Amino acid sequence: MEEKLKIPPNVAIVMDGNGRWATRRGLPRTDGHLAGEKAVGEIVPAAVDFGIQALTLYAFSTENWKRPLEEVRFIMNFNRELLRKRTDEFNKLNVKIRFLGRKGRIPPSLRRQMEESSETTKGNSGLKLNIAFNYGGRAELVDAMREIGREVARGKINPERINEKTINRHLYAPDIVDYDLFIRTAGEMRISNFLLWEIAYTELYITDVLWPDFDRDCLLQAIKEYGRRTRKFGDILPTEKS
Ligand code: IPE
Ligand code: IPE
Ligand code: MG
C-alpha cells in the first residue's frame, strides 16, 4: 500500500558535493556548480508539488570566501545567471524568493539581481524559497544580538524581558523559527554553520547523493524518512504516559 506522505512544512537543504561531482568526472570544480543548477530547477517545483511551505537552500556560506578567488567569482556570476534564468519560472509557480545572509560583500551586479528576484516575487503566496547566500548561522545570531543591543540602548527592550521570542523576531526570516527537516547532500555529518538556532529540534537527513544528482525522487525519499521519525521535543510519548 502507498504510504500517506507526511510533508515537513519547513525544509532546509545544504546543497553540497558539487566539487566532488566534477572531480570524479575529471572536470574542473566549477563544472560541478553548473551541474547543480539542474537540481535547483527540479527541487523547487517538486517542493511546490509536495506542498512544502518553506524551502531554504544553502548556496554560499560566510566561510566559502576562503576558496580560491576564481571559484568565488565563478559562484557569484553563476548565481546571478541562475536567478536571471529562473525567476520568471519560479514566479509562475507562485514562489516567493527571499535571501538570507549579509549583503555587504556580495558584488553589486548579483545584489541587483537578488533585489529584482525578491521584488518580482514578493506578492506571491506559495512556496517561500529562501536562498541562504553569504549566510552564516553565527553571523545571523551576531546580527540579531546587535539589533537587540541597539533596541536595549534606545530603551525599546528591557534586558530582563529578553527571551527566545525576542531572538526569533530578530532572525533573518522571523516567520521561520523552526525547521522540520534538514537535508544535507554529499554525506558530510556536519552542520557547517547553517541555521544553528533554527534547527534545535529539526530532523536531520544526510544522503551520500551529490547535489547535482539530487532529484525529485531523492527529495521524496527524505520526506518518507521524515514521516517515519518520532518527534518528541523533549517530552515522552502520550502512550508512555500513565
Ligand atoms: C557546494 O559544493 C557548493 C558550495 C559550497 C558553494 P562544494 O563546492 O562544497 O562541493 P564539494 O564539497 O567540494 O564536493
Ligand atoms: C556548506 O558546504 C555550504 C554550502 C553548501 C553552501 P561546505 O562545502 O562549505 O561545507 P564544509 O566546508 O565541507 O564543512
Ligand atoms: Mg562542500
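Both ligands and their constituent atoms are indexed starting at 1 by order of listing. As the structure is a computational prediction, the values presented were derived from the model and not from experiment.
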(message) Between Y179 (side chain only) and T56 (backbone N and O only), is there a donor and an acceptor less than 3.5 Å apart?
(response) no
(message) Regarding R111 and E115, does a basic nitrogen lie under 4.0 Å from an acidic carboxylate oxygen?
(response) no
(message) Ignoring hydrogens, what is the shortest heavy-atom contact between F90 and V40? Give both atom names and the distance.
(response) CZ-O, 4.2 Å
(message) What does the 4.0 Å heavy-atom contact list look like for ligand 2?
(response) V14, M15, D16, Y58, A59, F60, N64, R67, R184, R190, S192
(message) Centre-to-centre under 6.0 Å for F99 and F133, is that the case here?
(response) no
(message) Check whether W21 forms a cation-pi arrangement with R25 (NZ or CZ under 6.0 Å from the six-membered ring centre, at most 45° off the ring normal).
(response) yes
(message) Taking CD in E240 as the centre, count heavy atoms belonging to other residues, nucleotides or ligands within less than 6.0 Å. Is the count above 12?
(response) yes
(message) Is the positively charged end of R216 above the ring of F50, judged by distance under 6.0 angstrom from the centroid and angle within 45° of the axis?
(response) yes
(message) How about CD on E70, more than 12 heavy atoms from neighbouring residues, nucleotides or ligands closer than 6.0 Å, or not?
(response) no
(message) Quick check on R161: does its CZ atom have over 12 non-hydrogen neighbours (other residues, nucleotides or ligands) under 6.0 Å away?
(response) no
(request) Using a cut-off of 2.8 Å, find all protein N, O or S atoms closer to the Mg ion (ligand 3) than that distance. (result) D16 OD1
